[in-house]
Visitor: 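Take this structure first; my questions come after.
A quick note: this is a predicted structure, and the numbers were derived from the prediction, not measured.
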Amino acid sequence: MTTSEKNSGDVSLSAHVNFIRVRVAEDIASGKNAGRVMTRFPPEPNGYLHIGHAKSICLNFGLSKEFAGVTNLRFDDTNPAKEEVEYVESIMRDVKWLGFDWEDRLYYASDYFEKLFAYAVELIKKGKAYVDDQSAEEIRANRGTLKQPGTNSPYRDRSVEENLELFARMRAGEFPDGTRVLRAKIDMASPNVVMRDPALYRIKHVHHHRTGDAWCIYPMYDFAHCLSDSIEGVTHSICTLEFANNRPLYDWILDELGVFHPQQIEFARLNLTHTVLSKRKLIHLVNEGITTGWDDPRMPTLSGIRRRGFTPEAMRDFCERIGVARSDNMVEYGLLEHCLREDLNARAPRAMAVLRPLKVVIENYPDDKTDDVFDFPWHPEKDMGMRKVPFSKVLYIEQDDFREVPPKGYHRLYPGNEVRLRYAYYITCREVVKDADGNITELRCTYDPESRGGGSPDGRKIKGTLHWVSAAHAVDAEVRLYDLLFTASNPGAEEDFTSCINPKSLEVVRAKLEPALADSAPGWICQFERLGYFCADEKDSKPGAPVFNRAATLKDTWGKIEKKQGGK
RNA sequence: UGGGGUGUUGCCAAGCGGUAAGGCGACGGGUUUUGGUCCCGUUAUUCGAGGGUUCGAAUCCUUCCACCCCAGCCA
């Protein structure tokens, strides 16, 4: 076996290796949890899922799939002030869209409120938790600083009985918000501030989207999360790095209660260039009307990229390729685009659309000929059937495909040059027609009848191939050309992230489509040949009145060359 | 010396004492009825920096530097 053979055998495997998979594999090998693997995806229903969540979803569901385990979907709904059913619905929709199934394992932290309360009582009885009457301000002041220890609360040594009574009265609704809190009794001098008697329960007379008004005290994340994991029997509790500081508390609660102890493992969250992934910033984009909503195709939300035309396959591939590690990262948007192109190149039907039409009249083509209809394949390699594409005397081509004065290396249409209309005929530009202001209004061309189908008997080489649409048969459509939302690669690092909004993140054009596209179903994705991948807008596109969104352009080698030449 | 974490090519990322995988990107070439796709080749004498151990170090020790997270009754 040669080295290359050896390597190629390892490639797919090594590309997928990450420290979490290794750890889970080790746990299975050592017999931990009797070889059982259970992960969970635990979003708080307080916003829409974005690409960063996709990384976590793919990681958790991918792990259980790989190791014959299961993954739960659990809503971490412990703060009713921020949560809404609208979000739980969108989250379920997005996880499903990504291609994952939690089957019957849909849970809510709020399902456990009664159990959680009982655990808190148990902690109190063990002398490990107490009710603190200090105000939030006092508690903050007594927590100390990062370098100085905190000081004990004057209520820290209340009797178990008094704590029990007070905690019961908190639950009974006897106290207003903010007047008391249940705290873990750990160590006010801990170098880890998370461990300085963290709050476990707070009073919130707020309606909960699931439990209604049954509760007026709600558990904090640190108390609810570890116990929810434990109750469900989660074996590997995977979260992002910023929770590493909370792990000692996660472990402390579970150990004090002596319950099943899942292992928390942290990984670095995803950062993507040219976008923002913080909930606060995304909300700002929506609320300020910078984008049209959570599902604006420029948003990095899953609902946004779905509407843009991204596929779940591309998203999963992306999540696989970026890897999982603990170092801060900033993944280039180009990788995401690459994953989309790779998926769509293989699967998307092809069609012709002219974004910026330039009229072409074929002088030697019969005026009245209307039965010149081609059968073109929907895909050049895959058998996806055929579609009818009519040809006629007056056509549209892309304005960019004609130059009166061709730059060096240009092999599209220019006076005297012959090009191929894709799959149809060769045409030669004979004359340029302009209006009074000197704007080009139409091109007079001739065609070679012998070249029907896009080839010629003499086998002469034609360098340029253009897409085209018959004017008489063209379907008018709105096409939205999306580009990066931000010009800066790391907008989050700017003083004001909205200062680098890309003014050209959206350009709307009136395009001419080939007739087969007239009744495109909303959500349908295809390649407009030579231009990019486009998706019929799921909200605004209607059969007969299509609206397309550009998901991504095709790679544009000529554009790059031209740019280097200093051209436009 | 608050505590926790991380530093491998432009961007991700393997590697875990035996002499720097892979992907994206970039660059060059071939094929091509999408200047797309595909194919081929090039792209880290070096692993944050210095010192040490060793026949041998990205991997071990040590000092230093840089960056990220933590002082919500948010998650």
Visitor: Which part of the nucleic acid, if any, lies within reach of A:Ile139 when heavy atoms closer than 4.0 Å are counted: base, sugar-phosphate only, or nothing?
Guide: base
Visitor: I need the residues from residues 241-251 of chain A with at least one non-hydrogen atom less than 4.0 Å from RNA chain B; give them sorted by number, or say none.
Guide: A:Glu242, A:Phe243, A:Asn245, A:Asn246
Visitor: With sequence neighbours left out, write down each residue that passes side chain to side chain donor-acceptor pair (under 3.5 Å) with A:Arg356, or none if nothing qualifies.
Guide: A:Glu507
Visitor: Does A:Ser228 have any side chain to side chain donor-acceptor pair (under 3.5 Å) partners at least two apart in sequence or in another chain, and if so, which?
Guide: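 By the side chain to side chain donor-acceptor pair (under 3.5 Å) rule, A:Ser228 matches no residue at all.
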Visitor: Taking the P atom of each, how far is B:rC12 from B:rC55, in whole Å?
Guide: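 Approximately 38 Å lies between the P atom of B:rC12 and that of B:rC55.
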Visitor: Could you tell me how the ring of A:Tyr218 sits relative to the ring of A:Phe113: parallel (under 30°), tilted (30 to 60°) or perpendicular (over 60°)?
Guide: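 A:Tyr218 and A:Phe113: perpendicular rings.
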Visitor: Quick one: does A:Asn345's side chain have a donor or acceptor within less than 3.5 Å of a partner on A:Arg341's backbone?
Guide: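 Side chain of A:Asn345 to backbone of A:Arg341: no pair is present.
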Visitor: Between B:rU46 and B:rU9, how far apart are the two C1' atoms, rounded to whole Å?
Guide: 9 Å
Visitor: When you compare B:rA75 with B:rU42, how far apart are their C1' atoms, in angstrom units rounded to a whole number?
Guide: 48 Å
Visitor: Taking only residues two or more places apart in sequence or in another chain, which ones pass side chain to side chain contact (heavy atoms under 4.5 Å, CB included) with A:His411?
Guide: A:Lys463
Visitor: Students often get this wrong, so: under 4.0 angstrom with heavy atoms, is A:Glu342 touching a base, only sugar-phosphate, or nothing?
Guide: nothing
Visitor: Tabulate protein N/O versus nucleotide N/O from nucleotides 64-66 of chain B, keeping only pairs under 3.5 Å, one per line.
Guide:
none

Visitor: When you compare B:rA44 with B:rG36, how far apart are their P atoms, in angstrom units rounded to a whole number?
Guide: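 Here B:rA44 and B:rG36 have their P atoms 26 Å from each other.
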Visitor: What's the closest nucleotide to the side chain of A:Arg140 if the choices are B:rC74, B:rG15, B:rG72?
Guide: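 Minimum distance to the A:Arg140 side chain belongs to B:rG72.
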Visitor: Could you give the distance separating B:rC40 and B:rU32 at their C1' atoms, to the nearest angstrom?
Guide: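 My reading of the C1' atoms in B:rU32 and B:rC40 gives 15 Å.
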Visitor: Using atom C1' in both nucleotides, what's the gap between B:rA14 and B:rA58 to the nearest angstrom?
Guide: 12 Å
Visitor: Roughly how many Å is it from CD1 in A:Ile462 to P in B:rU32, rounded to a whole number?
Guide: 14 Å
Visitor: Taking only residues two or more places apart in sequence, or in another chain, which ones meet A:Asp375 in a side chain to side chain donor-acceptor pair (under 3.5 Å)?
Guide: A:Lys388
Visitor: Taking the six-membered ring for Trp, are the ring centroids of A:Tyr426 and A:Tyr447 within less than 6.0 Å of each other?
Guide: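 Ring centres of A:Tyr447 and A:Tyr426 not closer than 6.0 Å.
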Visitor: Can you tell me which nucleotide in B:rC27, B:rG3, B:rC74 comes closest to the side chain of A:Asn79?
Guide: B:rC74
Visitor: Check RNA chain B for consecutive Watson-Crick or G-U pairs with both distances under 3.5 Å and list the runs of at least three as stems.
Guide: B:2-7 with B:65-70, B:10-12 with B:22-24, B:25-30 with B:38-43, B:48-52 with B:60-64
Visitor: Go through the structure and list residues passing side chain to side chain contact (heavy atoms under 4.5 Å, CB included) with A:Arg143, not counting sequence neighbours.
Guide: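 A:Arg143: side chain to side chain contact (heavy atoms under 4.5 Å, CB included) contacts with A:Ile139, A:Arg140, A:Arg196.
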Visitor: Which is true for A:Ala136 with a 4.0 Å heavy-atom rule: it touches a base, it touches only sugar-phosphate, or it touches nothing?
Guide: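 Counting heavy atoms under 4.0 Å across all strands, the contact made by A:Ala136 includes a base.
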Visitor: Measure from the side chain of A:Lys560, starting at C-beta and using heavy atoms only, and say which of B:rA71, B:rA75, B:rC27 lies closest.
Guide: B:rC27
Visitor: Name the residue closer to the 5' end of RNA chain B, choosing between A:Phe528 and A:Pro191 according to the nucleotide with the nearest heavy atom.
Guide: A:Pro191
Visitor: Do we get A:Arg40 above A:Tyr107's six-membered ring, with its NZ or CZ under 6.0 Å from the centre and within 45° of the axis?
Guide: no
Visitor: Quick one: side chain to side chain contact (heavy atoms under 4.5 Å, CB included) partners of A:Asn46, sequence neighbours excluded?
Guide: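 Listed in chain order: A:Glu44, A:Lys82, A:Glu83, A:Lys279.
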Visitor: Using a 4.0 Å heavy-atom cut-off across all strands, classify A:Arg326 as base, sugar-phosphate, or nothing.
Guide: sugar-phosphate
Visitor: Could you run down the sub-3.5 Å N/O contacts of the protein with nucleotides 35-37 of chain B?
Guide:
residue, atom, partner, partner atom, Å
B:rG35, OP1, A:Arg530, NH1, 2.8
B:rG35, O2', A:Trp558, N, 3.3
B:rG35, N7, A:Arg412, NH1, 2.4
B:rG35, O6, A:His411, N, 3.0
B:rG35, N1, A:Gly409, O, 2.9
B:rG35, N1, A:His411, ND1, 3.4
B:rG35, N1, A:His411, NE2, 3.4
B:rG35, N2, A:Gly409, O, 3.2
B:rG35, N3, A:His411, NE2, 3.3
B:rG36, OP1, A:Thr557, OG1, 2.4
B:rU37, O2', A:Asn345, ND2, 2.9

Visitor: At 4.0 Å (heavy atoms only), tell me whether A:Thr78 reaches a base, stays on the sugar-phosphate, or touches nothing.
Guide: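 Sugar-phosphate, no base atom in range.
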Visitor: Which value, in whole Å, describes the distance between the P atoms of nucleotides B:rA21 and B:rG4?
Guide: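 Each nucleotide's P atom is 35 Å from the other's.
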Visitor: Could you go over nucleotides 17-20 of chain B and give all protein N or O partners under 3.5 Å, atom names and distances?
Guide:
none

Visitor: With a cut-off of under 6.0 Å to the ring centre and 45° to the axis, is A:Arg171 in cation-pi contact with A:Trp215?
Guide: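 Yes, a cation-pi geometry holds between A:Arg171 and A:Trp215.
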Visitor: Roughly how far apart, to the nearest Å, are B:rU59 and B:rG15 at atom P?
Guide: 15 Å
Visitor: Which part of the nucleic acid, if any, lies within contact of A:Met220, taking any heavy atom under 4.0 Å across all strands shown: a base, the sugar-phosphate backbone alone, or nothing?
Guide: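 Since only primed, P, OP1 and OP2 atoms lie under 4.0 Å of A:Met220, the category is sugar-phosphate.
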Visitor: Report the nucleotide, chosen from B:rG2, B:rA75, B:rC74, that has the shortest atom-to-atom distance to any side-chain atom of A:Lys204.
Guide: B:rC74
Visitor: Give the intermediate values and the outcome of ring-ring contact (aromatic ring centres under 6.0 Å, His included) for residues A:Phe548 and A:Phe528.
Guide: CA-CA 10 Å; A:Phe548 276 91; A:Phe528 286 173; 5.1 Å; yes
Visitor: What are the atom names and distances for every N/O pair under 3.5 Å that joins the protein to nucleotides 8-12 of chain B?
Guide:
residue, atom, partner, partner atom, Å
B:rG10, N2, A:Glu332, OE1, 3.2
B:rC11, O4', A:Glu332, OE2, 3.0
B:rC11, O3', A:Met330, O, 3.1
B:rC11, O2', A:Met330, O, 2.7
B:rC12, OP1, A:Met330, N, 3.1
B:rC12, O2', A:Ile322, O, 2.6

Visitor: Between B:rG72 atom P and A:Glu137 atom CD, what is the distance in whole Å?
Guide: 11 Å
